[in-house]
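Report on the structure given below.
The figures that follow rest on heavy atoms only: side chains count, while hydrogens, waters and symmetry mates do not.
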Amino acid sequence: ETSMNLEGLSPNQEQGVTMQDALVELSALDAQLRVTGAEDSEPEALAQLRRGLLAGTIAPEEAILRARALLDARSEYH
């Protein structure tokens, strides 16, 4: 089910979403949030996700889903 939400991120579907995929996605979402004027807690929340990803405490798929949820919540708020 999560693969449907994460389409197009990894060229090798058997491998699943890699840490590199997640870092690229987090960077893109961070840029998108900053363009929309994100000055609330979003930049720090993304930084925490990035740290958790690098530390191995958050799976790449989970990091992406949480980051996208932040962007979605911001879109609905504004």
Inset, instruction - Before giving the answer on side-chain hydrogen bond (donor to acceptor under 3.5 Å, both in side chains), spell out for D30 and S27 the whole-Å C-alpha distance, their side-chain angles and the decisive distance to 0.1 Å. - result: CA-CA 5 Å; D30 187 38; S27 293; over 6 Å; no
Inset, instruction - Please assess R68 against E25 for the test salt bridge (charged side-chain N to carboxylate O under 4.0 Å, His left out), listing each intermediate value before the final yes or no. - result: CA-CA 9 Å; R68 287 182 179 175; E25 181 78 3; 2.9 Å; yes
Going by atom type alone, with no hydrogens or angles, which donor-acceptor pairs under 3.5 Å involve a side-chain atom of residues 47-55 and a protein atom two or more places apart or on another chain?
unit_1, atom_1, unit_2, atom_2, d
R51, NH2, E44, OE2, 2.8

Inset, instruction - Identify whether V17 and V24 are in the same connected component of the hydrophobic contact network (ILVMFWY, side-chain heavy atoms under 4.5 Å). - result: no
Legend entry - Minimum side-chain heavy-atom gap L70-L46 below 4.5 Å: yes
Inset, instruction - Find the distance between CD (E62) and OG1 (T57) and round it off to the nearest 0.5 Å. - result: 10.5 Å
Legend entry - Min side-chain heavy-atom separation L71-L33 under 4.5 Å: yes
Inset, instruction - Measure across P60 and T18 and return the closest heavy-atom pair with its distance rounded to 0.1 Å. - result: CB-O, 3.5 Å
Legend entry - Those residues that, when tested against A69, pass side chain to side chain contact (heavy atoms under 4.5 Å, CB included) (two or more places apart): none
Legend entry - Rounded distance [0.5 Å steps], CG in L29 versus CZ in R66: 14.5 Å
